[in-house]
Amino acid sequence: MGEDVSQSVEVVIANQFEMIDLVQSVLDDLTELVDFDEETVHWMGMAMREALNNAIKHGNKLDPKKHVRVTFDLFPETLEIKVLDEGDGFDTRTLPDPTEPANLLKPSGRGIFYMRKFMDRVDINARKGKGTEVHLVKTRPTAGA
Amino acid sequence: MGEDVSQSVEVVIANQFEMIDLVQSVLDDLTELVDFDEETVHWMGMAMREALNNAIKHGNKLDPKKHVRVTFDLFPETLEIKVLDEGDGFDTRTLPDPTEPANLLKPSGRGIFYMRKFMDRVDINARKGKGTEVHLVKTRPTAGA
Amino acid sequence: MKTTIRTAGGVAILDLKGKITIGEGDVALRENIEKLLEEGKKQIVLNLAKVSYMDSSGVGELVGTYTTVNNRGGKMKLLNLTEKIQDLLQITQLLTVFECFSDEEEAVASFS
Amino acid sequence: MKTTIRTAGGVAILDLKGKITIGEGDVALRENIEKLLEEGKKQIVLNLAKVSYMDSSGVGELVGTYTTVNNRGGKMKLLNLTEKIQDLLQITQLLTVFECFSDEEEAVASFS
Ligand SMILES: Nc1ncnc2c1ncn2[C@@H]1O[C@H](COP(=O)(O)OP(=O)(O)O)[C@@H](O)[C@H]1O
Ligand SMILES: Nc1ncnc2c1ncn2[C@@H]1O[C@H](COP(=O)(O)OP(=O)(O)O)[C@@H](O)[C@H]1O
């Protein structure tokens, strides 16, 4: 692998849940080129799917004419996934903790929590009028080796 | 499925042969959503891979900093794939026929021929400075039904 | 998701198969539970052995149906959690909420 | 692509496995053939039974090695074409060029 980001992929999908499998396939193929174990790939996939679910549902509000852009960048130390929708964003500071007793039986509110558990870093960039970008980062096992 | 093109996907890959499998996965997933038989999907995949080979090798001249853009559009009657590189194009009128006796033993020159055999329509748009776009069209079996 | 419903010792057992995700299975589960409750079947076991994938919406759906069944005076328990589903429930501290079994007879017997 | 080379009745049989495409296998095939020719082994059979995928570069490589072997006074024949490879060669009228067999003994015997 070269010094610069040569292994990058960008996928733009129509705003439909059916399209998620297709982005998952790209992630699967991309992780086959590198050194993550199966378990890591599974949970990373789940984190990405949660971000896609949110982009399609909350961001693009199920509007089939909108799009979700996903970029994959394979850096020497990390695999980074960005999920960008065309929505109005939200306040990331007020997200309730789903493990608090009062929230335990709520039927929703666990997506971002799972993302944070399964990735090494999750940045959410919600910019009014410019959509929400969820940035998922996983450190590669051989990083620094 | 709606009236307009809701099932469209765009994939941008780094200019590397290793990335071709990943575009193939997207095609496989996309064709699972529709009604093509296995055989058709196989040959359509081959046509697309030939276009990708050419984009990476002849168009982008193996430059790893260049990109190939692939778009998939699922229309009511057709599945259309466009493969766009950043190269200088070529003269499509002077392509030799690989089945002519004089060309039969040449080690190359069969890619576009295969594309034309396996797709219902192949348009090649070579525009100097704007890259070459290969437009592959396959009619859906249920079209018009 | 595919669901097969059978009865054992007066308990309704739902064998779920496939994905329970935002686009798939989540609504089907709710509808099946609703039907059982309407028929007066309030002792329910979800067999998750063949559930291949679950996302946060699927987890939410488990929680939602659990609450529904409780509110209607019934009980819903889980059977045969895969390792991955167990992890998902563990992380969100839902293993303390659900009664989980790895043996069907035990699950059925636990209602009486 | 993986290649195993064995000999039967003085004929070199290459069992090819995997993909012969632009990024994979095409160079390996050429190198293997070159080595055989250097060793004086000029009766060559390519067993394609386990070739899962071939693109136009793979077909080109077959043609290229065929010509090389011919030019050096040898003979290269094909064994166990899959249906898809047969289609590929048929379409480009290469089935008339290659001698193809579906029985290994026949292929070997054809050299004598
Ligand atoms: N891409 C997004 N655009 C707008 N709002 C979002 C987005 N992602 C998440 N949210 C907001 O954050 C909340 C919490 O998201 P999440 O933890 O995934 O749980 P859930 O999706 O089950 O509600 C959502 O209910 C929604 O209000
Ligand atoms: N995307 C492209 N950009 C520039 N030239 C191309 C492109 N695709 C094809 N060509 C030209 O057309 C020729 C024939 O292509 P093809 O039929 O695929 O056979 P091959 O790739 O084996 O030469 C190539 O050798 C090349 O000169």
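To find a chain, count down the sequence lines: A is the first, B the second, and so on, and within it residues start at 1.
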Quick check - list every chain B-chain D donor-acceptor pair under 3.5 angstrom, one line each.
| unit_1 | atom_1 | unit_2 | atom_2 | d |
| --- | --- | --- | --- | --- |
| B/D21 | OD1 | D/K19 | NZ | 3.3 |
| B/D21 | OD2 | D/K19 | NZ | 3.3 |
| B/E50 | OE1 | D/S56 | OG | 2.5 |
| B/E50 | OE2 | D/S56 | N | 2.6 |
| B/E50 | OE2 | D/S56 | OG | 3.3 |
| B/N53 | ND2 | D/D55 | OD2 | 3.0 |
| B/Y114 | OH | D/L88 | O | 2.7 |
| B/Y114 | OH | D/T92 | OG1 | 3.3 |

If we define contacts as heavy-atom pairs under 4.5 Å, which of D/I22, D/V59, D/L62 has the most with chain B? D/I22
Which atoms of D/L88 approach chain B - backbone, side chain, both or neither, heavy atom under 4.5 Å: both
Between B/G111, B/G109, B/P107, which residue shows the highest count of heavy-atom pairs closer than 4.5 Å to chain D? B/P107
For D/V63 and B/L105, the nearest pair of non-hydrogen atoms, with its separation, is CG1-O, 3.2 Å
Ring pair (Phe, Tyr, Trp, His ring centres under 6.0 Å) partners of residues 77-110 of chain B, not counting sequence neighbours, each pair once: none
